[in-house]
There are 2 protein chains.
Amino acid sequence: MTESIKSPQELQAQLRRRGLRLTAQREVVFAAVNELRHATPEQILNAVAEEMPGITLSTVYRVLDVLEQLGLVTHAHMGHAPMTYHAVDEHRHMHVVCEGCGAIESVDAATAEEFARTLSDVTGYDVDVTHMAIAGRCRSCASRSKA
Amino acid sequence: MTESIKSPQELQAQLRRRGLRLTAQREVVFAAVNELRHATPEQILNAVAEEMPGITLSTVYRVLDVLEQLGLVTHAHMGHAPMTYHAVDEHRHMHVVCEGCGAIESVDAATAEEFARTLSDVTGYDVDVTHMAIAGRCRSCASRSKA
DNA sequence: GTATATGCAAAGGGTTTGCACGGTT
DNA sequence: AACCGTGCAAACCCTTTGCATATAC
């Protein structure tokens, strides 16, 4: 397992390079993203709320934005559900979301490599299969909806 | 080209079967979806506004909902952009959306068939690649963002 | 000391909902 | 008459933004 969790020092270095500052909020949110692996802004807020009582959702959004610009974090859209953030060190992966219960399954991006290439050829677009989730129904929701 | 545009009579029959009524709004919205092929609720509203001055956006949403339950229409999520509706008689297709300018490219669902099967195998989910768009960058946005 | 970050609260965009009126059956 | 459908307006969820204050440097 990669020792990928950047230290606060590393984070600070990255921030400094852009004239930005290391704040307690940034430190804590960054740690939370690394720990939670997949989380919505609200989940992150809840995760850090204990450690950092006054923090607000808008700050979480803003911090995530900064971390994303630094290339430390990315987000993916999950359909109706709020977007989820994760550390970039994770293997690139796509998400399959259950339309029934919202369960999310991660799939290695390599699985889609060939498909992505085909899509790019056909459309001329630079395709990124990881940015938006793919819809589906998990087994239990699938059987339930056979009603 | 398939003569797929259901007549008002057919529409009425379908509605009746469920104890629902044929209204001017339903007729007009249904026609608009068939004509526009791909449209957001708002675009549909604009399209029918002339013919049907008083109609509101919420009515459009409700009508689309009914049409969808009747199996005449489906919708797809396009990321940030509003969802688009189209008649079910269209060839099943997926959408690739440009993150830069919002341009949408349609791709025959057959292109994704094998990939979808693989995904289903891997996840156990009943996967539907058409329901959510795939992110990408169109050629012009891709070159522009090389800056 | 000065520019950047935060908290708070309000705005924003898309979609849904409650309610009373109007139209079909 | 009974009920479904509509218009209107407000509510909703998630995300973004403006502004004054607090903080890192």
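In what follows, chains carry the letters A, B, and so on, assigned in the order in which the sequence lines appear, proteins first and then strands, with residues in each chain numbered from 1.
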Of residues 59-69 of chain A, the positions that come close to DNA chain D - non-hydrogen atoms, cut-off under 4.0 Å
Tyr61(A), Arg62(A)
Using a 4.0 Å cut-off to any heavy atom of chain A, which nucleotides of DNA chain D are the first and last in contact, reading 5' to 3'?
dC14(D) to dC25(D)
Presence of Thr23(A) side-chain N/O under 4.0 Å of dT4(C) phosphate oxygens OP1/OP2
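Thr23(A) to dT4(C) OP1/OP2: no side-chain N or O under 4.0 Å.
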Distance test, side-chain N/O of Arg21(B) to OP1/OP2 of dT25(C), below 4.0 Å:
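No, because none of the side-chain N or O atoms of Arg21(B) sits under 4.0 Å from OP1 or OP2 of dT25(C).
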Check the distance between [N]'s [atom2] and [X]'s [atom1] and give it to me in whole angstrom.
X	N	atom1	atom2	value
His75(B)	dT15(C)	NE2	P	9 Å
Leu20(B)	dT25(C)	CG	C1'	13 Å
Ile55(A)	dA9(C)	CD1	P	16 Å
Gln12(A)	dA5(C)	CD	P	12 Å
Tyr85(B)	dG14(C)	OH	P	14 Å
Met52(B)	dG23(C)	CE	P	11 Å
Leu15(B)	dT24(C)	CG	P	14 Å

May I ask whether Ile134(B) and Met83(B) are part of the same hydrophobic cluster, defined by side-chain heavy atoms of I, L, V, M, F, W, Y residues being less than 4.5 angstrom apart, directly or through others?
no
Mind checking if Arg16(B) touches a base, just sugar-phosphate, or nothing, with heavy atoms under 4.0 Å?
sugar-phosphate
So what does Ser58(A) touch, heavy atoms closer than 4.0 Å: a base, only the sugar-phosphate, or nothing?
base
Would you check if the distance from the ring center of His86(A) to the ring center of His95(A) is below 6.0 Å?
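Here the rings of His95(A) and His86(A) have centres that are less than 6.0 Å from each other.
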Aromatic ring centroids of His93(B) and His38(B) under 6.0 Å?
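Yes: the rings meet the under 6.0 Å criterion.
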When Ile, Leu, Val, Met, Phe, Trp and Tyr are grouped by side-chain heavy atoms lying under 4.5 Å apart, directly or through other members, which residues fall in the same group as Val97(B)?
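Traced through the cluster, Val97(B) reaches Met132(A), Met78(B), Ile104(B).
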Under 3.5 Å donor-acceptor, [X] side chain and [Y] backbone:
X	Y	value
Arg18(B)	Gln69(B)	yes
Thr111(B)	Val107(B)	no
Gln14(A)	Leu11(A)	no
Glu51(A)	Val48(A)	no

Pairing residues for Arg21(A) by the salt bridge (Lys or Arg N to Asp or Glu O under 4.0 Å) criterion, not counting sequence neighbours:
none
Counterpart residues, salt bridge (Lys or Arg N to Asp or Glu O under 4.0 Å), relative to Asp128(B) (two or more places apart):
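For Asp128(B), the residues satisfying salt bridge (Lys or Arg N to Asp or Glu O under 4.0 Å) (neighbours in sequence not counted) are Arg92(B).
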Applying the side chain to side chain contact (heavy atoms under 4.5 Å, CB included) criterion to Val29(B), which one of Ile55(B), Thr23(B), Thr59(B) satisfies it?
Ile55(B)
Let's see if you get this right: which residues in residues 41-51 of chain A place a heavy atom under 4.0 Å from DNA chain C?
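None, since no heavy atom is under 4.0 Å.
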